Amino acid sequence: MRIIEDDRDYREFIKIIRDRSEDFGIDVLEDSKIIIEHVKKSGDFAVELYTNRYDRFQNNTFKVSQETIEEYAGKTERSFLDALSKSIERIRHFHEKQVERSWKFKDALGVELGQIIRPLERVGVYVPGGKAAYPSSVLMNVIPAQIAGVKEIALCVPFPDGQVNPYVMAAVKAVGVTEVYAIGGAQAIAAMAYGTQTIKKVDKIVGPGNAYVAAAKKMVFGTVDIDIIAGPSEILIAADETAEAAFIAADLLSQAEHDENASSILVTTSRELVGKVQAELTERIEKLSRKEIVQHSLENYGAIIMAADTTEMFDRVNEIAPEHLEIMTKAPERDVELVKNAGAVFLGKWSAEPLGDYSAGPNHVLPTNGTARFFSPLGVYDFIKRTSLINFTEAGFKDIASAVEAMAGYEGLDAHAESVAVRKRALGEI
Ligand SMILES: NC(=O)c1ccc[n+]([C@@H]2O[C@H](COP(=O)([O-])OP(=O)(O)OC[C@H]3O[C@@H](n4cnc5c(N)ncnc54)[C@H](O)[C@@H]3O)[C@@H](O)[C@H]2O)c1
Ligand SMILES: N[C@H](CO)Cc1c[nH]c[nH+]1
Ligand SMILES: [Zn+2]
């Protein structure tokens, strides 16, 4: 891992990590566009064609039967199902706190104003099924939608060579999703966005995926809503001399193993800690099954950044705006006040980032690549919409009628003004 001591190296590093996931590449963009257009025009026929081409899977239907879900789920161990239940319980509990209720108020003239909250009607969840298959991502995408009150959830997961990860199917069964399609890539996104003979179109598509999936999601945005595009995983640990090097190294490696493009960063005020963390990393990397991926990500997108003091440490944190931020300082509960931008913050040495990936409760779909400056974690609020409520009394109307007429006049919109004037005349005011 590079060590960054001065501002010039720091600026160069920021550019490197920002560039790593912003571009899909022209081939991916073109291919995704062609697939989307084809599915839009030819429906199931095109979905089957691309499923056959990229997943080498042909069937008389891509709708997954309940028996198939049960069959795969039945292959998983009791210990996995117990862990799954524990995670589901905690994720539900956390997300229930996010529920927003409709509200309204009445002013002195009896005018009622408010906001009506309604769930989205139908949502599509994409579950990746190529190289990385995460049952935890099924929970994180489905549970908030269910808590929001979404009635219909369609789930697409590719079956490469006709097979799917049994743990993913056990998670699907555990959360009670029954509408499942064995399709992936841009064809799955297009099928959910535009509908086909088999799949009814959805209102919103959520869930991570590879470059084809992400590019397709961006392209169908507007026809449907989409969630944040979560890029390669990131962790930033802000630590001082009191932190434990072994914990820091273990947590940096936890995100580095996700992806060659993952980014693991330590920002510290302690030189002594740097040596200890480096030694721990060297020893621990050797034992990892995904050693090559980890080495690639640490060499290219990893860094130890030296900070002069706590203020500089959190200036760096806020500029990088990491997906996951761990604070391992003398007073993490005080220092969290300095955090402006981060997807999720983990305080103190017992709040290991992987707790948040699986079972703590908060969502693990988080903004990456600096987008924590303006995006939030996936949550119940992503599956609702708000409608404004306006209910005027005669007295309330009289109170603002002239102001509205004047505004309409200044905007040159006669018909707007007349909508008020016709009522004023009915009241005998003109
Ligand atoms: N951020 C998160 O929370 C999170 C969680 C899980 C996975 N992920 C990410 O999701 C991604 C999963 O990718 P994956 O590939 O394993 O699964 P995937 O399901 O996203 O992609 C597989 C599909 O890609 C399509 N495809 C493959 N090659 C193609 C080609 N040449 N042309 C057109 N389409 C093609 C196929 O249709 C296939 O079904 C990884 O990058 C992983 O890091 C992120
Ligand atoms: N850390 C990932 C998001 O960056 C989520 C995940 C799933 N499984 C393990 N981890
Ligand atoms: Zn993870």
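Counting starts at 1 for both ligands and their atoms, following the listed order. On a predicted model such as this, the values are computed, not experimentally measured, just so you know.
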Would you call Gln187 a ligand 1 contact, heavy-atom distance under 4.0 Å? yes
Are Thr242 and Asp240 close enough that a side-chain donor and a side-chain acceptor fall under 3.5 Å? yes
Tell me whether His258 has at least one N, O or S atom under 2.8 Å from the Zn ion (ligand 3). yes
Ligand 1 atoms in contact with Tyr126 (distance to a heavy atom under 4.0 Å): 18 (P), 19 (O), 20 (O), 21 (O)
Kindly state if atom 40 (C) of ligand 1 has a protein heavy atom within a strict 4.0 Å cut-off, that is, under 4.0 Å? no
Proximity winner for atom 2 (C) of ligand 2, if only heavy atoms of His364, Glu353, His258 are counted: His258
Students should be able to answer this: which protein heavy-atom is nearest to atom 17 (O) of ligand 1, and at what distance? Gly130 N, 3.1 Å
Tell me, which protein residue and heavy-atom name are nearest atom 9 (C) of ligand 2, and how many Å apart are they? Tyr358 OH, 3.3 Å
Considering heavy atoms of the protein only, find what lies nearest to atom 1 (N) of ligand 1 and give residue, atom and distance to 0.1 Å. Ala230 CB, 3.7 Å
May I ask you to identify the nearest protein heavy atom to atom 9 (C) of ligand 1, giving residue, atom name and distance to one decimal place in Å? Gly209 O, 4.3 Å
Look at the rings of Phe159 and Tyr72 and say which category their plane angle falls in: under 30° parallel, 30 to 60° tilted, over 60° perpendicular. perpendicular
Looking only at protein heavy atoms, which one is nearest to atom 16 (O) of ligand 1, and how far off is it? Lys131 N, 2.5 Å
Ranked by distance from atom 12 (C) of ligand 1, the top protein heavy atom is Pro128 CB, 3.6 Å
Element-labelled atoms of ligand 2 that are located less than 4.0 Å from some non-hydrogen atom of His324: 1 (N), 4 (O)
Which atoms of ligand 1 are found less than 4.0 Å from any heavy atom of Pro158? 19 (O), 39 (O)
Per-atom contacts of ligand 1 with Tyr134, taking only distances under 4.0 Å to non-hydrogen atoms: 5 (C), 6 (C), 7 (C)
In terms of atom number and element, which parts of ligand 2 are under 4.0 angstrom from non-hydrogen atoms of Glu323? 3 (C), 4 (O)
At a 4.0 Å threshold, what atoms of ligand 1 neighbour a non-hydrogen atom of Ser137? 5 (C), 6 (C)
Using a 4.5 Å cut-off on heavy atoms from C-beta on, say whether the side chain of Lys385 contacts that of Ile117. no
heavy-atom search around atom 21 (O) of ligand 1 in the protein gives Asn210 ND2, 2.8 Å
Give me the nearest non-hydrogen protein atom to atom 44 (C) of ligand 1 as residue plus atom name, then the distance to 0.1 Å. Pro208 CB, 3.5 Å
Would you say Arg386's side chain and Gln115's backbone share a donor-acceptor pair under 3.5 angstrom? no
Tyr194 and Glu37: side-chain donor and acceptor closer than 3.5 Å? no
Tell me if a side-chain donor or acceptor on Arg90 pairs with a main-chain N or O of Ser87 at a distance below 3.5 Å. no
Geometry only, no angles: is Asp31 polar-contacting ligand 1 at N/O separations under 3.5 Å? no
Kindly indicate whether a cation-pi arrangement holds for Lys218 with Phe221, taking the cut-offs as under 6.0 Å to the six-membered ring centre and within 45° of the axis. no
For Gly129, atoms of ligand 1 separated by under 4.0 Å from a heavy atom: 17 (O), 18 (P), 19 (O)
Which of the numbered atoms in ligand 2 are below 4.0 angstrom from a heavy atom of Gln255? 1 (N), 4 (O)
Smallest separation among heavy atoms of Ile327 and Pro332, with atom names: O-CB, 3.8 Å
Student check: side-chain heavy atoms of Val142 and Leu155 closer than 4.5 Å: yes
Numbering as shown, the atoms of ligand 1 that approach Gly185 to under 4.0 Å (heavy-atom distance): 23 (C), 24 (O), 25 (C), 37 (O), 39 (O)
Any sub-3.5 Å donor-acceptor pair from Glu234's side-chain atoms to Glu323's backbone N or O? yes
Honestly, for Val213 the part within reach of ligand 1 (heavy atoms, under 4.0 Å) is side chain
Please list the nearest protein heavy atom to atom 26 (N) of ligand 1 with its residue and the distance rounded to 0.1 Å. Tyr212 CD1, 4.0 Å
Would you verify whether the NZ or CZ of Arg2 falls within 45 degrees of the ring axis of Phe13 while also being under 6.0 Å from that six-membered ring's centre? no
protein heavy-atom neighbour closest to atom 8 (N) of ligand 2 works out as Ser136 OG, 3.4 Å
Walk me through it: do Leu347 and Glu333 pass the test side chain to side chain contact (heavy atoms under 4.5 Å, CB included)? CA-CA 7 Å; Leu347 301 187; Glu333 285 164 22; 4.0 Å; yes
What part of His258 sits under 4.0 Å from ligand 1 if we count only heavy atoms: the side chain, the backbone, both or neither? neither
For Tyr381 and His95, does a side-chain donor sit closer than 3.5 Å to a side-chain acceptor? no
Sub-3.5 Å donor-acceptor pair from the side chain of Asp161 to the main-chain atoms of Gln163, do we have one? no
For Asp259, take its heavy atoms, then give the atoms of ligand 1 lying under 4.0 Å from any of them. 43 (O)
Considering only heavy atoms of Gly184, which atoms of ligand 1 have at least one such atom less than 4.0 Å away? 37 (O), 39 (O)
Is Thr76 reaching over with its side chain to a backbone N or O of Ala73, donor-acceptor style, under 3.5 angstrom? yes
Which residue is it: Leu252, Leu266, Ile265? I am looking for the one with a side-chain contact (heavy atoms from CB on, under 4.5 Å) to Leu236. Ile265
Could you check whether any side-chain heavy atom of Gln255 comes within less than 4.5 Å of a side-chain heavy atom of Asp357, counting everything from C-beta outward? yes
To make sure I understand the geometry: which N, O or S atom in Asp357 is closest to the Zn ion (ligand 3)? OD2
